[in-house]
Amino acid sequence: MTPATNLAVAAAVCIILAVFLRPQSGLLWRWLRGRRATERVRIEDALKHLYDCEYARVSATLDSLAGALEIGRDAAARLTARLETLGLLVSEHRQLKLTPEGCSYALRVIRIHRLLESYLAERTGINESEWHTRADQLEHRVTAAEAERLAAQLGNPSYDPHGDPIPTAEGVMPARRGMPLSELETGTIARILHVEDEPDEVYAQLVAARLSPGVMLRVLESKPERMRIEAELQEHVLAPVVAANLTVEPISDVAERILPDSRLSSLGLGQQATVVDISPACRGAERRRLLDLGVVPGTVIRAELVSTSGDPVAYRIRGAMIALRNAQADLIHVKMHATTHATMHDSAAPSEGDDLGDGRMRA
């Protein structure tokens, strides 16, 4: 080869080495960082699974770990060996148990995950069915300091939007509470405390039925093959596998046992109703807006005006005229007043261009 060719080859080699070996930005360094990140994700996911097993008082095994992380048994065995080397778990009689260090690490990850779910529920418009998956993706990137800032921003919640307890910054897990829905007798009134978000198919059914923490329900029928309940002013028939994902607390306080009989959206013109509650499905900014408008338990609301299309409707709330869309009014549970008999069709509806308010109306 000519000197010029040798020089060109040497230059090409230098460029290739620079691309692959350059510190921090070279392809080799990127590959190594990605591999370390993947290993950390698997370690943290494994610790969460092991803690969940201990919290539920069931045994964690190599097979359960492989299933939870969707990896082969050999990969699970290598991961277990790595965790033992790090001092995060011990293996006794084919059962995997966390060490104190492993338990502390697991609680940090769980705290971050549940704070993220709380943030997604209260501060974003992300669909409820996506909270868990999004939090899974983000939890490995959040530092302890960032988690504490997030907790302070949210008001240091004790439970996430599914009703799962959030470990404290000191690593203390609040005690479990409630009982399975399947244990309630017919006629019992209860409040949902916890909704299990796995498997996805079952959770999707619960989300579609608006069965979330805080919702009050009445057991209409309880049989081994099915449960029939009334919640959110609708009747639901639940298979045993679906009912098993709900944890509830029976209500004994007479004052708390008052159940709504209608949604605000069902009021006819001139009708009045008293607010019982706002559906727990109403969260974040939308819920805060309704509370700021005076939509709280005990408030009397009257339907005053309706647009030609029937949506929105103007309601008189604490002396002001408030326009609400039907989708918003659906989330407000009320007790109808027996003394009001007017209906939507008893009063003339204004045209599309008419003002629904009296000067004090707020949209």
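In what follows, residues are counted from 1 in the order of the sequence shown.
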| field | Residue pair M227 / V219, side-chain heavy-atom distance below 4.5 Å | value | yes

| query | H49 and S64: which non-hydrogen atoms are nearest, and at how many Å? | reply | NE2-OG, 3.0 Å

| query | Can you name the residues that form a side chain to side chain donor-acceptor pair (under 3.5 Å) with E183, not counting sequence neighbours? | reply | none

| message | Is the shortest side-chain heavy-atom distance between T247 and M179 below 4.5 Å? | response | no

| request: Using only heavy-atom distances, determine whether the side chains of D311 and S309 contain a donor-acceptor pair under 3.5 Å. | output: no

| Any side-chain heavy atom of R210 sitting closer than 4.5 Å to one from V215? | no

| Nearest heavy-atom neighbours spanning A190 and P250 | CB-CA, 3.8 Å

| Any luck finding a side-chain donor-acceptor pair between S59 and T61 under 3.5 Å? | no

| note | In terms of heavy-atom contacts, A151 and P157 come closest through O-CD, 4.0 Å

| query | Any chance the side chains of D160 and S118 put a donor and an acceptor closer than 3.5 Å? | reply | no

| query | Mind checking whether H194 and Y159 have ring centres under 6.0 Å apart? | reply | no

| note | To the nearest 0.5 Å, atom CG of N245 lies from atom CG of L181 at 10.5 Å

| query | Closest heavy-atom contact between E139 and V109? | reply | OE2-CG1, 4.0 Å

| said: How long is the straight-line distance from CZ of R228 back to CD of E221, given to the nearest 0.5 Å? | reply: 5.0 Å

| task | Could I get the full list of side chain to side chain donor-acceptor pair (under 3.5 Å) partners for E148, not counting sequence neighbours? | result | R111

| Just by distance, with hydrogens left out, do H132 and H113 show a side-chain donor and acceptor under 3.5 Å apart? | yes

| query | Heavy-atom count around Y119 OH within 6.0 Å, excluding the residue itself: above 12? | reply | no

| field | Distance (rounded to the nearest 0.5 Å) between E304 CD and L267 CG | value | 10.5 Å

| field | A303 to G268 - nearest heavy-atom pair and separation | value | CB-O, 3.4 Å

| message | So I43 and L88, do their side chains get closer than 4.5 Å, heavy atoms only? | response | yes

| said: Do L220 and T186 have side chains that approach each other closer than 4.5 Å (heavy atoms only, starting at C-beta)? | reply: no

| query | Without hydrogens or angle criteria, can the side chains of S279 and E232 be said to hold a donor-acceptor pair below 3.5 Å? | reply | yes

| Does NZ or CZ of R108 fall inside the cone over Y105's six-membered ring, less than 6.0 Å from its centre and within 45° of the axis? | yes

| query | Would a 4.5 Å heavy-atom cut-off, applied to side chains only, mark Y203 and V207 as touching? | reply | yes

| note | Those residues at least two apart in sequence (or on a different chain) that pass salt bridge (charged side-chain N to carboxylate O under 4.0 Å, His left out) with R82 are E39

| Smallest separation among heavy atoms of I112 and V142, with atom names | CD1-O, 3.5 Å

| task | To the nearest 0.5 Å, tell me how far S265 OG sits from Q328 CD. | result | 11.0 Å

| task | Determine whether L305 and V313 make a side-chain contact, defined as any pair of heavy atoms from C-beta on separated by less than 4.5 Å. | result | no

| message | Is any side-chain heavy atom of L138 closer than 4.5 Å to one of E117? | response | no

